[in-house]
Every structure is written in C-alpha cells, then in structure tokens.
Amino acid sequence: MSKQYVNVIVDIVHTAVDRVFQYEVPEELLGKLSLGMKIRIPFGRGNTVRDGYIIGFTEKPDYDPEKIKQVQTVEEDAMPIEGQLIRLAAWMKEHYGSTMIQALKTVLPMKKKMKPVQKKYLVRTVSQEACGELLAVYRKKKQKARVRFLEALMEDEVLPYEVVTQRLRVSPASFRPFLEQGICRLDTEESYRNPVRGLLKKEQTFLLNEEQRAAVSGMTASWDGKKETCLLHGITGSGKTEVYMELIRHVIKNGRQAIVLIPEIALTYQTVMRFYRQFGERVSIVNSRLSAGEKSDQFERARTGRIDIMIGPRSALFTPFPNLGLIIIDEEHETAYKSETVPKYHAIETAIERCRMADAMVVLGSATPSASSYYKAQNGEYLLFQMRSRAKEESVLPSVEIVDLREELKAGNRTIFSRRLKELLKETLERKEQALLFLNRRGYAGFISCRSCGEAVKCPHCDVSLTQHWDGKLKCHYCGYETEIPKFCPSCGSRYIAGFGTGTQKVEAMVSSMFPEARILRMDTDTTKGKGGHDAVLAAFADGKADILVGTQMIVKGHDFPNVTLVGILAADLSLHSGGYEAGERTFQLLTQAAGRAGRDKLPGQVVIQSYAPSHYSVEAAASQDYESFYWHEILYRRLLHYPPVYRMMSLLFTSKEETAAERMAGKVKEMAGEFEGPLKAGTEEAEGQRHDAVEIIGPAKAAVSRINDSYRYVLYAKCEEEQPLLALKEKIEQMEWDRNVLYQFDME
DNA sequence: AGCACGCCGACT
DNA sequence: GTCGGCGTGCTC
C-alpha cells in the first residue's frame with residue numbers, strides 16, 4: 001500500500017503560515033485520523049511541536065516527499081468544536097464548489113484575530129532611573145535594538161506587544177534577557193468588549209395565545225425527540241419572537257446554546273433589545289458594524305461558555321458554541337441568507353447540516369415562507385406550524401384594494417398616482433396620520449436615454465446602462481466606470497438626451513406638488529449616506545417629523561410605525577418582469593410585507609396596490625393576504641418548468657476576456673455533461689418510467705449581464721430532481737482539462 | 001509566530 | 001580571526 005498523507009492547517013496565528021501543509025501518516029496512526037481532527041506536528045526548522053487540524057487526505061503529495069515530515073500524535077481531548085466546523089467547511093466545499101481554504105475562511109473567520117483577544121503588554125517593573133542607567137550601558141555596547149526598546153520603556157511604563165515587535169522592530173530574542181532579569185514583565189489582558197454591557201435583565205413573562213402555545217409545545221416535543229427541522233409560518237404581528245424565546249429557554253435549560261439568524265437589514269435595536277431584556281448578559285450580538293476584533297471577542301465568549309445565545313446575520317451561523325442545540329432563522333425567505341461570495345452557500349441548508357453534526361435543531365420562521373421551504377414542509381421534510389392571527393387581539397388586519405393602472409390610463413390619468421390613492425392620501429393627511437409610499441423597484445438610480453432613438457447610455461466595459469448619481473456623474477454599478485453626462489447621444493448624435501432622475505425623487509416631487517403643505521421624507525441610497533443615515537430617517541419618521549415617507553425595499557423591512565394608516569404601492573409589477581424564476585415570489589413577498597406596514601396598532605390600516613397586471617397571482621394573493629393561494633400557483637409553475645424546489649438546479653458561470661473562449665468552454669462542458677442526461681442507475685426498479693436522476697442541460701447562453709469589466713459571461717444550467725447526479729457532474733467538471741483563459745463558478749439552488 | 005542562517009561590527 | 005546581535009526568510 002502506498003503512503004498516506006494528510007493536508008493540515010497549522011494552528012499559528014499569522015498570515016504567512018495561513019495555508020496547507022502536508023504530513024505523512026505514520027503506520028501506527030493509519031485509519032485513526034479523520035477530518036477536522038486536532039493533531040501534533042513538528043513544524044519549522046527547529047521542528048517545534050505544534051497543533052494542526054486535518055483538512056483533507058491524499059496519496060500523492062504536492063510537495064517534495066523527501067521533505068515531508070510525519071504526524072506525531074493525535075490530540076485526544078481536543079474541544080470538538082473546531083473539528084465540527086472544519087467538517088462543515090468540507091461539506092460546503094462539496095456542495096457549493098470552492099477550495100477548502102475558501103470554505104475554511106468562511107467558517108473560521110476569527111483565526112487571524114485570535115491573538116488580539118488576549119492582548120499582550122510589556123510592563124516596566126523597575127524605576128525610570130534604573131531603566132535610564134541600563135539604557136546607558138546598552139548605548140555603550142551599541143546594541144541598537146535594545147536601546148530602542150529601553151528608550152521606549154523608560155518613556156512609557158506599559159508597551160503593547162505589537163508596538164514593540166512591529167513598530168519598534170525589536171524581536172522577542174532581543175528583549176527576552178530583560179524579562180529574565182526582571183526589568184520588565186509580560187502581561188496579558190483579556191479585555192472582552194461587550195457591546196451591551198450594563199443592560200440589566202428584567203425577567204419578563206408574556207402570555208402566549210393558543211396558536212403560540214401550540215407552536216411552542218410542538219417544537220419543544222421535536223427538540224426533545226428527533227429534532228426535525230420546523231417551519232413556523234406566522235403572519236406579521238403573530239408573535240413569532242415570543243415563540244422563539246420560549247423554545248430557546250427550553251434549550252438553555254438543557255445545557256445547550258442557540259444561534260438566532262436575522263437578516264442584517266432587520267437587525268434593529270428593537271428586535272435585539274427584546275432578547276436582552278429576556279436573557280440579559282448571556283446574549284451576544286454580531287453585525288457588520290462590529291470590528292473584526294470585537295467580532296472575534298464575541299465568538300471567543302461563545303466558545304468558552306460565557307454566553308448562550310448569539311444573534312446576528314448569516315455569518316453568525318459559524319458561532320463556535322461547544323454544545324449547540326438550536327439554530328433559528330428568522331425571515332427565512334430573505335435573499336440575504338444566500339452568500340454572494342464563494343462558497344455561495346445558503347444559510348438554511350448549511351444550518352441544517354451543522355445541526356445534523358451537532359445533534360441540534362433548526363427552526364425557520366417567516367410570514368411569507370420561501371416556496372422552497374414551504375414545499376419541504378408540504379412533503380413532510382419539515383414540521384409545519386401555522387399562526388394565522390395577530391398576537392395583540394385589538395389590532396386588525398388592514399384592508400387592501402387593487403387599482404388597475406391600465407384603467408387609469410384609459411381615463412386619461414397619466415401620472416403614477418391613481419385617483420383612489422390620491423384621495424386616500426388626502427384623507428390621511430387631513431386625519432394627521434402617516435402614509436408610506438413604496439416604489440417596488442430595484443435600480444433606484446435613473447439612467448440616461450436618448451429621446452430620439454431611445455438608446456440608453458451604456459458602460460463601455462459592461463453590458464449595462466450607466467446610472468446617474470447625485471453628483472451629476474454617470475457611473476457603472478458593476479465596474480465603477482465613471483463619466484460626465486454626454487451632450488450628444490453616443491449612438492445617433494441627437495442632442496435630445498436626458499435623465500429621468502431616480503424613481504423616488506420623482507415620486508417625492510410629484511407628491512409635494514400635489515400636497516404642498518405635506519412634510520415628505522425620502523429614503524434611498526442618497527438620503528441614507530453616512531453611518532446611521534438609515535436609522536436617522538426611520539427614527540425621524542417614527543417620531544412624526546414627517547407625514548409621508550417615500551422609499552424602496554428599505555422602508556418595508558421590520559420597522560413598526562404605529563401611526564401609519566395608509567400604504568401605497570405605486571407599481572406592484574415592477575419586480576415581476578425581472579430576476580428569473582423567483583420574480584413572482586419576490587413580488588409576493590414585497591407586497592405582503594409592504595401591506596403589513598399599515599395599521600399595526602389600534603388604528604385601522606388601508607393599503608392600495610397599483611398594478612398593470614392586477615390579475616397576476618402574486619398581486620392578487622398579496623392583496624387578499626392569502627399565502628396558500630400564492631404557494632399553489634407558484635409551485636405549479638415551478639413544477640411545470642422544472643425549477644427549484646421541485647428540481648435542484650446547478651448554474652455554471654463562465655467568464656473570460658475572450659468571448660469565444662468562454663463560449664467554447666461552456667460548449668465543451670455541455671458536451672461532457674451529455675453522458676449525465678441518461679439514467680445513472682439504469683436497471684433499478686425505481687427508474688421505471690420516471691427518471692429521477694436524469695440531468696437536464698440548458699444553454700450555454702449569454703448571461704443576463706453578458707459582459708462585466710470587459711469579461712464575457714456565459715451560463716449553463718443543469719437541472720435534476722435529485723441532488724446527487726448534479727454533485728457527480730460538478731466533480732467531473734472540476735477534473736476537466738481547462739482553458740486557462742476561462743474562469744468558472746458554481747451556484748447551487 | 002518563531003526559529004535558524006548569515007551578515008556585519010566590535011573586541012580578545 | 002572569532003564572538004554575538006540583528007535582519008531576513010522559511011516553515012510540509
């Protein structure tokens with residue numbers, strides 16, 4: 001038998017050694033090593049014994065076998081948590097296509113910052129005079145490094161370790177004698193920066209209604225037993241958070257910890273405070289505003305058992321709790337749970353895998369579950385819990401009406417405000433209540449187009465229109481290209497060329513001309529620039545400093561405005577005709593959320609949905625607040641067209657500076673994939689009639705944005721009812737001989 | 001990070 | 001010549 005080797009990452013906190021090293025497995029350890037295991041290895045010239053983690057196995061090393069050393073021993077009583085996270089990284093690499101290093105960096109992002117947690121200081125233990133005498137001695141000896149060090153030490157009693165080694169360039173070898181002579185000592189300070197220090201826990205009990213109690217007892221039973229993934233479908237205001245908290249209480253009582261994932265945009269002060277009030281100092285929070293050091297402090301607190309609950313966005317999924325018992329994913333339908341960078345993992349699937357490893361449970365919650373999750377609940381893969389009434393009994397559901405914009409046009413109304421919406425706005429203002437105007441549109445910045453030929457001004461490096469910024473320049477959102485607004489149309493030479501302004505700006509201008517006395521706030525990227533801009537606008541509106549708030553998606557996510565009684569959705573179908581097969585789902589979710597903003601307290605709410613396609617099921621179902629109806633339409637469409645969740649879909653993106661190379665490589669992959677189109681396990685009884693494992697290849701075709709930064713982009717899709725054949729295909733592609741001018745990326749849905 | 005190697009100035 | 005500190009580079 002040939003020799004066995006392991007790929008190892010060495011547990012040294014430094015970028016210079018932040019890579020894979022290979023070691024030989026000695027005979028006595030053959031078969032005893034596994035992924036993620038902590039081992040002892042000789043490292044460096046002096047063969048100092050260090051810790052390392054196994055991240056892979058191989059029989060043929062990529063390094064001169066002569067120089068490869070042997071694994072020494074297995075670290076028996078290592079904390080299993082790192083091993084578990086490393087195994088999770090391996091799973092992510094398999095499923096989402098990335099290198100092991102990329103996956104590890106996603107899962108163990110705090111590795112580099114572990115040291116700053118234990119900040120080290122060099123502290124002078126003798127008087128300033130004594131230090132000065134010593135300094136004179138070393139000056140005479142002309143030992144420059146030691147002189148530099150003593151000078152600094154005389155000046156300041158305490159010196160941070162990094163300052164000494166990096167800024168002063170005094171190596172440990174140079175100051176070690178001083179430590180031994182007792183001139184100074186090495187102190188470590190564990191200063192945990194708790195961002196919520198000082199909040200006192202106020203034990204709060206809440207009365208659960210019948211639906212909430214049913215959900216809690218069902219989930220608790222699942223947790224005590226098989227720990228099946230649960231989906232909590234509860235309408236806005238049904239009190240999902242109380243259910244989560246009851247379940248968390250149960251989990252903590254059993255000595256386990258919980259992670260609560262929340263989309264970054266909904267991670268508001270209010271939400272977080274509710275958890276603090278309930279669980280006090282045992283709660284921690286991470287978000288993107290936290291510095292890397294603070295974040296790793298919080299992860300360290302989790303690892304050492306000082307907290308029980310971690311709240312945060314997608315990345316909080318990798319909190320190193322030693323005894324994880326529960327992962328809650330709130331607003332599980334949010335796109336923010338899908339990573340945009342390699343590995344392009346999905347938080348739900350990854351959470352389920354992590355919980356499988358840790359014998360923990362996943363709870364998904366949403367007012368508008370993703371079609372994918374609801375499908376799995378329907379198939380019995382998840383347990384489903386429904387909450388159909390609002391927790392506060394006095395608050396009532398808003399009344400919703402649809403206005404057909406085509407009728408408005410026929411009646412001679414060319415504005416984007418229907419007569420009905422105008423009328424209701426007027427009434428709302430008269431009652432001194434507030435209104436939200438929601439523009440359901442992705443690209444908020446306007447583009448410039450020619451009135452004569454209709455051509456939009458495009459980026460010379462990408463296949464997209466340039467957008468106008470507030471500074472008057474034209475910019476490309478993909479590559480950053482910037483230019484002045486041209487005087488003549490680049491394609492036909494006409495001088496009738498103009499911008500349309502941003503959608504929200506236009507709406508704001510129109511409202512103020514209709515109601516000159518109304519106070520209007522606009523919320524888009526322009527008005528929320530700078531830190532806290534976001535919250536500042538929302539707070540101002542909540543305080544009643546304005547009557548009308550105009551904005552995009554941002555205004556409908558997780559904010560309560562008790563005085564809002566009117567919500568106007570200006571063009572419901574704007575999101576219906578873009579964004580691939582999920583457009584219908586996105587539209588339904590946005591409309592439902594927007595409608596849910598109306599009349600959340602005792603005041604009755606009114607919602608107006610304006611649409612050019614009022615009979616589309618996404619619009620109709622949102623208007624009647626009927627999730628089921630939406631779902632059955634949507635799943636029918638997905639089944640017919642072989643889209644997820646009925647089928648698994650793998651998309652491949654080929655990018656190259658040479659258009660032909662990208663297209664050719666995509667074609668080559670399609671050709672190779674042809675062999676997967678037949679049944680893989682031919683002859684099995686199951687294959688009779690239905691080929692669950694047949695792979696369907698679509699493309700290659702130009703990507704939606706066919707060129708970015710002068711790179712051409714082609715896509716190829718592979719669909720299959722089973723996941724396994726797709727993973728097999730992915731493996732085959734990874735082993736293909738590749739044109740070095742072409743890059744590729746996987747995406748699994 | 002931490003260790004050894006090799007350069008370079010100081011001193012028997 | 002040789003001793004020893006200091007900067008540089010490498011670590012499977």
Side-chain angles (χ1 to χ4, degrees), chain A residues 2-27 29-30 33 35-75 82 86 99-101 104 108 110-122 134-153 159-181 183 186-188 292-293 296:
Chain A
S2 62
K3 279 180 178 169
Q4 283 283 329
Y5 297 90
V6 279
N7 296 329
V8 173
I9 50 165
V10 183
D11 192 19
I12 298 177
V13 189
H14 197 269
T15 38
V17 284
D18 187 16
R19 55 199 162 97
V20 180
F21 292 89
Q22 294 186 311
Y23 282 84
E24 192 191 317
V25 182
E27 248 171 76
L29 286 178
L30 278 173
L33 301 181
L35 201 62
M37 209 173 246
K38 195 175 188 180
I39 52 174
R40 313 266 298 156
I41 40 169
F43 190 76
R45 294 194 208 247
N47 282 332
T48 16
V49 179
R50 300 198 147 276
D51 291 339
Y53 295 98
I54 300 176
I55 65 161
F57 296 87
T58 181
E59 287 194 4
K60 37 184 191 302
D62 317 316
Y63 192 72
D64 183 2
E66 291 289 295
K67 295 183 185 165
I68 292 187
K69 299 172 187 173
Q70 284 201 335
V71 175
Q72 216 163 67
T73 51
V74 175
E75 192 99 345
E82 267 83 11
I86 287 166
T99 64
M100 192 61 196
I101 290 287
L104 277 170
L108 306 169
M110 73 299 190
K111 213 59 259 183
K112 272 197 271 305
K113 281 92 183 180
M114 286 288 276
K115 265 283 144 67
V117 169
Q118 280 194 6
K119 209 165 158 53
K120 286 199 275 187
Y121 297 94
L122 286 156
L134 204 62
L135 177 59
V137 174
Y138 280 93
R139 274 224 180 89
K140 231 165 83 190
K141 286 192 187 173
K142 294 199 173 147
Q143 296 186 9
K144 283 181 282 175
R146 284 176 186 158
V147 168
R148 277 201 304 275
F149 174 71
L150 287 172
E151 274 172 352
L153 196 64
L159 296 170
Y161 195 85
E162 308 86 83
V163 170
V164 174
T165 54
Q166 284 158 45
R167 284 188 58 114
L168 251 43
R169 288 187 303 107
V170 177
S171 65
S174 300
F175 61 72
R176 191 172 302 139
F178 299 126
L179 286 171
E180 284 160 5
Q181 293 161 37
I183 308 296
L186 188 65
D187 265 15
T188 57
S296 87

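Chain letters run A, B, ... following the sequence lines, proteins first and then strands; every chain starts at 1.
Remark: A/V147 engages A/L135, A/Y138, A/R139, A/E151 in a side chain to side chain contact (heavy atoms under 4.5 Å, CB included) (not counting sequence neighbours). For A/Y5, there are no ring-ring contact (aromatic ring centres under 6.0 Å, His included) partners, not counting sequence neighbours.
Counting non-hydrogen atoms of other residues, nucleotides and ligands closer than 6.0 Å to NZ of A/K69 gives a total above 12.
For the pair A/F57 and A/V25, the minimum side-chain heavy-atom distance is 4.5 Å or more.
Taking atom CZ of residue A/F175 and atom P of nucleotide C/dG5, one finds them 15 Å apart after rounding to whole Å.
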- Message: Using a 4.0 Å heavy-atom cut-off to protein, can you give one letter per nucleotide of nucleotides 6-12 of chain C, 5' to 3': B if the base is in contact, S if only the sugar-phosphate is, - if neither?
- Response: SS-BSBB
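Considering A/V6, A/N7, A/V8 in turn, A/N7 is the only one that fulfils the side-chain contact (heavy atoms from CB on, under 4.5 Å) rule with A/V20.
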